Asks: 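Here it is: the structure, laid out below.
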Amino acid sequence: MRNTGKKKGITRNVVLTGFTSFFTDVSSEMIYPLLQAFVSMIMASKKALLGPILGIIEGIAESTASLLKVFFGYYSDKTQNRKLPAIAGYSTSALAKFLLLLSCFGWYFVLLARFFDRVGKGVRTAPRDALISESTPNEIQGKAFGFHRGMDFAGATLGALICFFLVLHFIDPITKTLKDLDSFYILFLISIIPALIGIPFLFFIKEKKLHTAQTTKNPRPKPNLNIRQYDKNLQIFFLAQLIFTLGNSSNQFLLLRSMNLGYALSTVVLMYLIFNLSTSLLSTAFGSLSDRIGRKKLLIAGYGLYAVVYIAFGFISHKTNFLLWFFWPVYGIYYAMTEGVEKAFVSDIAPKDSKATALGFYHTIVGVGLLPASIIAGILFSLLPSAPFLFGGALALVTVVILVFFVKEKGSEGLTQS
């Protein structure tokens, strides 16, 4: 009954959302590597507070996105509407960048800009992913999500590359950062352009109409919101994720550390570009590998690699700062090994009728941990610049021990489901 001749390739909706994500990531990654240098400049007279303030900004921003994904995923399912929340989310992120232009009045405008940018991400992610899934035949779901993720990373890499060349143009050879606040504002204005270019693609999406009459006759099984009734392995994995997240501070601290070790802003942006590139090139390969050898082995290796990278960032000195060229791309490998595999691991162990809810719990737990993680890192950084990285590496090793000894992986036939 299926018209396989038409449905083998990537569908129109997936291509359109891919272009939106591409341009949005070009915009975001033009700004992200500059934020720690920007906050440092606007707080020039209060350098001692730089770490804690950066921690507050990034902690609130990143936890906001994770917490909102659960709510708007539920909202999208309830209203059976994917397109409008996706447009609202991308538009919010684009408009949030205008707030950076008011940062001359205080660092809290940077906080507001990052907050509303992440609100946009939290609003759009779950409805957009549902839209991609509903627009794609079952046999090429992986291909569709792989294409979309590839567009994300391609946009991130291009954004970092544009950022690198713009920084080269505006850099002060003496201070090794941008000449003045006006230089930052010019770059922020330029970054708004690709964000606005990406939004119109969503208006051409044709949303699949869901039959509400049919769903009221045959209601779906109710998702299980009681986490204590979930598989013990999943509960322990969530605990391990919370512990790991408490040491997984914002990448802004890695960028700040790289500058403190003597590199110019343009060079640090180049390192960040290489990190993005290594993640984009290896994510699909590691995702496929987890299908063959199991998720747990790859996650253990990934968290172990994270520990090595973070501890290395703690011990690297001005004399050995050339090692950053090695550890930035290795950090990208950690991302490739774990980012998608964590969600697959949760899906494998989650109850059949509560997969989305279990993934929602996963995002919520990560979101709850991200706020204190960045605040702790900010305080530790102000006391000793190497401290947040040694702390993060230690918690990653604790996570590895929990996974090795206390978490069992679900086999293909299922551990607890019959």
Side-chain angles (χ1 to χ4, degrees), residues 25-26 28-40 51 54 58 62 149-150 152-168 171 176-178 244 247-286 298 301-340 373-374 377 381 385-393 395-397:
D25 271 52
V26 170
S28 297
E29 296 305 318
M30 284 175 65
I31 290 176
Y32 188 79
L34 305 175
L35 283 180
Q36 46 81 31
F38 180 60
V39 174
S40 179
L54 200 59
E58 288 303 300
E62 293 300 337
R149 184 167 173 150
D152 266 341
F153 282 121
T157 303
L158 180 58
L161 186 63
I162 294 170
C163 179
F164 170 69
F165 285 113
L166 287 173
V167 166
L168 277 183
I171 200 163
K176 296 184 180 180
T177 187
L178 297 195
F244 176 76
N248 186 13
S249 54
S250 166
N251 288 342
Q252 290 294 333
F253 288 99
L254 295 173
L255 294 163
L256 185 59
R257 176 71 169 157
S258 300
M259 285 195 70
N260 284 356
L261 287 170
Y263 282 107
L265 179 59
S266 56
T267 308
V268 172
V269 171
L270 188 58
M271 290 176 181
Y272 185 72
L273 187 156
I274 294 168
F275 150 72
N276 264 314
L277 191 60
S278 69
T279 305
S280 65
L281 293 175
L282 296 171
S283 291
T284 304
F286 278 120
L298 211 57
Y303 296 142
L305 192 61
Y306 176 95
V308 170
V309 171
Y310 255 54
I311 291 170
F313 264 82
F315 281 111
I316 289 172
S317 65
H318 280 80
K319 288 183 180 178
T320 58
N321 64 4
F322 63 90
L323 290 171
L324 292 176
W325 287 105
F326 172 75
F327 283 108
W328 267 108
V330 171
Y331 185 54
I333 296 171
Y334 145 74
Y335 261 83
M337 292 174 79
T338 60
E339 199 179 41
S374 286
F381 190 89
S386 62
F389 307 104
L390 300 178
F391 176 71
L395 289 192
L397 291 175

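As a basis for the values below, the full set of heavy atoms in this structure was taken, side chains included, without hydrogen atoms, waters or symmetry mates. Just so you know, these numbers come straight off a predicted model, no measurement behind them.
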Asks: Please give me the minimum heavy-atom distance between G332 and S278, naming the atom from each residue.
Replies: CA-OG, 3.3 Å
Asks: Rounded to the nearest 0.5 Å, how far apart are CZ of F164 and CG of L161?
Replies: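 The CZ atom of F164 sits 8.0 Å away from the CG atom of L161.
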Asks: What distance separates S250 OG from L54 CG, expressed to the nearest 0.5 Å?
Replies: 6.5 Å
Asks: Give me the atom names and distance for the closest heavy-atom approach of A156 to D25.
Replies: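 It is N-CB, 3.6 Å.
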Asks: If we only count heavy atoms from C-beta on, is the L390 to F315 side-chain gap below 4.5 Å?
Replies: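 A side-chain contact exists here, since the closest heavy-atom pair is under 4.5 Å.
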Asks: Regarding Y32 and N276, do their side chains bring together a donor and an acceptor under 3.5 Å, going by distance alone?
Replies: no
Asks: Please round to the nearest 0.5 Å and tell me the distance separating atom CD1 of I274 and atom CG of L324.
Replies: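 These two atoms lie 11.0 Å from each other.
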Asks: What's the separation between atom CG in N251 and atom CZ in R257, rounded to the nearest 0.5 Å?
Replies: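 Reported value, rounded in 0.5 Å steps: 15.5 Å.
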Asks: Mind listing the side-chain donor-acceptor pairs of residues 302-314 below 3.5 Å, one per line with the distance, residues two or more places apart or on another chain?
Replies:
unit_1	atom_1	unit_2	atom_2	d
Y303	OH	Q241	NE2	2.5
Y303	OH	E342	OE2	2.7
Y306	OH	G247	O	3.1
Y306	OH	N248	OD1	3.2
Y310	OH	S249	O	3.4

Asks: Counting only N and O atoms by type, is there a donor-acceptor contact under 3.5 Å from the side chain of Q36 to the main-chain atoms of Q252?
Replies: no
Asks: Going from CH2 on W328 to CG on L270, what distance comes out if it is rounded to the nearest 0.5 angstrom?
Replies: 11.5 Å
Asks: Shortest non-hydrogen contact from A160 to V269?
Replies: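 Minimum heavy-atom separation between A160 and V269: O-CG1, 3.5 Å.
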Asks: Please check: side-chain N/O of T320 versus main-chain N/O of I316, any donor-acceptor pairing under 3.5 Å?
Replies: no
Asks: Minimum heavy-atom separation for S317 and L261, please, with both atom names.
Replies: C-CD2, 3.8 Å
Asks: Which heavy atom of F389 sits nearest a heavy atom of F253, and at what distance?
Replies: CZ-O, 3.3 Å
Asks: Can you name the residues that form a side chain to side chain contact (heavy atoms under 4.5 Å, CB included) with I162, not counting sequence neighbours?
Replies: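 Residues passing side chain to side chain contact (heavy atoms under 4.5 Å, CB included) with I162: V26, M30, L158, L166.
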Asks: W325 and T267: side chain to side chain contact (heavy atoms under 4.5 Å, CB included), yes or no, with the steps?
Replies: CA-CA 10 Å; W325 287 105; T267 308; 3.4 Å; yes
Asks: Does any non-hydrogen side-chain atom of L34 lie less than 4.5 Å from one of C163?
Replies: yes
Asks: On the 0 to 90° scale, with breaks at 30° and 60°, tag the Y331-Y334 ring pair as parallel, tilted or perpendicular.
Replies: parallel
Asks: Could you tell me the separation between the CG atom of L254 and the OH atom of Y272, rounded to the nearest 0.5 Å?
Replies: 10.0 Å
Asks: Can you name the closest pair of heavy atoms from T157 and S280 and give their distance?
Replies: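 Heavy-atom minimum between the residues: OG1-OG, 4.3 Å.
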Asks: With F275 as reference, evaluate F326, Y335, F327 under the ring-ring contact (aromatic ring centres under 6.0 Å, His included) test and give the passing residue.
Replies: Y335
